[in-house]
Protein chains: 2
Amino acid sequence: MVTIEDVAREAGVSISTVSYALSGKRAISEETRRRVVAAAERLGYMPKAAARALAGKRTHVIAVTTPLHADTDHSAHMAFAMAVTTAAREHDFDTLLLVQDDELEGMRRTAATLLADGIVVLDVAADDARAELARQLRCPVVFVGVPTDNEGLTCIDLDFERATEEAVEALRTAGHRSLALVSQGQDVIDRASNYPLRIERTFVAAAERHGLEARIVRPRPDTSTGVVEALLDEHPDVTGLVLSTRSEVADAVGPALERRGLRVPEDMSVVAVGMTPEPGRQPLPFDSFPLDPQLTCPAAVDLLVGIIEGRVVPGGVQLVPPVHQARGSVAPVRMRDVR
Amino acid sequence: MVTIEDVAREAGVSISTVSYALSGKRAISEETRRRVVAAAERLGYMPKAAARALAGKRTHVIAVTTPLHADTDHSAHMAFAMAVTTAAREHDFDTLLLVQDDELEGMRRTAATLLADGIVVLDVAADDARAELARQLRCPVVFVGVPTDNEGLTCIDLDFERATEEAVEALRTAGHRSLALVSQGQDVIDRASNYPLRIERTFVAAAERHGLEARIVRPRPDTSTGVVEALLDEHPDVTGLVLSTRSEVADAVGPALERRGLRVPEDMSVVAVGMTPEPGRQPLPFDSFPLDPQLTCPAAVDLLVGIIEGRVVPGGVQLVPPVHQARGSVAPVRMRDVR
DNA sequence: CTGTTAGCGCATTCAT
DNA sequence: ATGAATGCGCTAACAG
């Protein structure tokens, strides 16, 4: 195992010179720096993480907590965890995965043992126990998502309200007067991240403000299809659909419409809001304001690293503006539908 | 920050006594042990990871590598990563996530910096560069999956051959004489883990051995449905289906059959092989020999920890016997089909 | 610009 | 059964 001392000897300098030459934390003559780097390279030297952490009081590791309910969608979680990991590497940080049943214990442990320099909290629920815990820990914590009680916390999230409003606005502008929101199942609404609820509320409010008819349907936990069918049976006048639901349900929308002879966008305009694209699967063929991990996770890591390094003051909620991905699924309402 | 010294003082003993009392690595009188534990509890003491690792030459961390191709299925990957993480915690290990573009660099780095005590390699390809790397590293490595060149490596995987054979056998026993395997797309066959290929080969061999007709269809990358339709168009005599494909494709099988008026199992028997159940989604309504992370990951971690602790000798390929999950999707072939 | 040195917090070896 | 002392490999403060 090659240590800093080996490098120092090889380069003919002191170990502190090696340390500084490699970390760049103080000025070193170009000449010796080259020698040190060359020696390190030659010996294949890399500072041992534990020694570095002990002496430097920084582990260069961030932890990620993701609660995993039985019915949780792994795909989206992985996408977020990966986005964090990738972003962390940009800052030369590694990522520790905390996915035990008791997220709280994991967070406590990492903080107490100084396993990580900071924690990113994913899949935040409206009433998330990790919020209170984060306030108690000495450790920097950034939430990707906004708990209801976010006093004193640092949070970052997509601006779902704005995304929903823009979706409604897109449909309204196209002349649609009767809209429906395909939302999450009751179970998700009840306990998961609070954004589905925020979307529902915003949807209703926006529609009302513009004098549009608005309906909300929530698929039952066990059925992926059927929701849209039932909706169209009851309300054949609906011409604009907003999708913010499980991917299986969203996948079933196209076929369901097709089965009724309804084409998108001629007979039905569709916009997705807050749906996470799944790598490896075909993207939804609808206009979308996606909940893309890339929108929030890199920013969350930037924030966290900033706090760790003392460059950034913790606290505050940051909402990231939604991005519109057009896919041609919104068209002007047809005349005969307007009557 | 409370250190071991604080605990020693509080308990009125030396720091080595505290260390031993807490680690149990040498005999301590019950009396003092209690005092130490009480003191530690009172002060909320937890040994700092970095100090522990530096002095003890063990980080209590294992790293997990998962390559992430663009078309990779995140859901399954997450399930595996989580299974490893959960299993690791049972051994008091934490998990570091390595998911950079260059898995190799990540592995090298963790080994060189002693970031982790060992590495679990997931989503192993037939021709996996990590195999060669693993042989070079000093660091214990366990593969969940079997690279073609596994000389000197420690691998553990589901016994896909046996799973496939049992699937064919189940169909054969029920009287089916014309089978089809719905496999992966060409792209996956070409580069991903080698098990799809192993399944295909075993399928053909098993069918041949029993004098059954066997066909293989591979969905194209972009279509989820359509494969089964095409299959049934061309070969209406098929009465037994083996599924080992993307979950979207598998999901499309039921509806496709239904559309043709074919019922499961009356008109068509179906068995899934090597498909990973997705938590949060509805399980396939078919008999299955699943590729469940729980079958391999905990065992892989056990192995790895064993190697780390010197209890287990590295090397060798372990195949885990498949588990049959019955769901009533296999029935005796109907007479009129046999003719 | 470079070298010397004092810990970082703990596991462990050697005494007792 | 317990304590004292050593050092893991590195960073950073201090001294030139």
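Note on naming: letters A, B, ... go to the chains in the order of the sequence lines (proteins, then strands), and numbering restarts at 1 for each one. This one's a predicted model, so the numbers in the text were calculated from it and none came from an experiment.
For A:R138, the CZ atom is loosely surrounded, since the number of other residues' heavy atoms within 6.0 Å does not exceed 12.
Proximity note for B:P47 (side chain, C-beta onward) versus D:dC10, C:dT12, C:dC10: the nearest is C:dC10. If you check D:dC8, D:dC10, C:dG9 against the side chain of A:T3, the one that comes closest is D:dC10. Comparing atom distances between the A:A55 side chain and each of C:dT12, D:dA12, D:dC10 picks out D:dC10 as nearest.
Inspection of the B:D123 and B:T66 side chains reveals no N or O donor paired with an N or O acceptor under 3.5 Å. No side-chain N or O of B:S19 forms a donor-acceptor pair with one of B:S16 less than 3.5 Å apart.
Per the geometry, CG belonging to A:L43 stands 15 Å off P belonging to D:dG9, to the nearest Å. Note: CG (B:D6) to P (C:dC8) measures 12 Å, nearest angstrom. To the nearest angstrom, C1' of D:dG7 lies 16 Å from NZ of A:K48. To the nearest angstrom, C1' of D:dC8 lies 5 Å from NZ of B:K57. Remark: P of D:dC10 and CD1 of A:I4 are 5 Å apart, rounded to the nearest angstrom. Look at CG on B:L115: it is 14 Å from C1' on D:dG9, rounded to the nearest Å. If you take CZ of A:R52 and C1' of D:dC10, they are 10 Å apart, rounded to a whole angstrom. Spacing between atom CG of B:L22 and atom C1' of C:dT12 amounts to 15 Å, rounded to whole angstrom units.
Contact detail for A:A134 and A:L153: the closest heavy-atom pair is CB-CD2, 4.0 Å.
Along DNA chain C, the nucleotide nearest to A:A51 and the one nearest to B:K25 differ in position, and the one closer to the 5' end is contacted by A:A51.
Test A:T85, A:L97, A:L96 against B:L96 for side-chain contact (heavy atoms from CB on, under 4.5 Å) and you get one pass: A:L96.
Side-chain N or O atoms of B:R135 include one that pairs as donor or acceptor with a backbone N or O of B:E151 at under 3.5 Å.
Within the 4.5 Å cutoff, side-chain heavy atoms of A:L291 are placed close to those of A:F80.
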Could you run down the sub-3.5 Å N/O contacts of the protein with nucleotides 1-3 of chain C?
unit_1 : atom_1 : unit_2 : atom_2 : d
C:dT2  : OP1    : A:S29  : OG     : 3.0
C:dT2  : OP1    : A:T32  : OG1    : 3.2
C:dT2  : OP2    : A:S29  : N      : 2.8
C:dT2  : OP2    : A:S29  : OG     : 3.4
C:dT2  : OP2    : A:T32  : OG1    : 2.9
C:dT2  : N3     : A:R26  : NH2    : 3.3
C:dT2  : O4     : A:R26  : NH1    : 3.1
C:dT2  : O4     : A:R26  : NH2    : 3.2
C:dG3  : OP2    : A:S14  : N      : 3.1
C:dG3  : OP2    : A:S14  : OG     : 3.4
C:dG3  : OP2    : A:T17  : OG1    : 2.6
C:dG3  : N7     : A:S16  : OG     : 3.1
C:dG3  : N7     : A:R26  : NH2    : 3.1
C:dG3  : O6     : A:R26  : NH1    : 2.9
C:dG3  : O6     : A:R26  : NH2    : 3.0

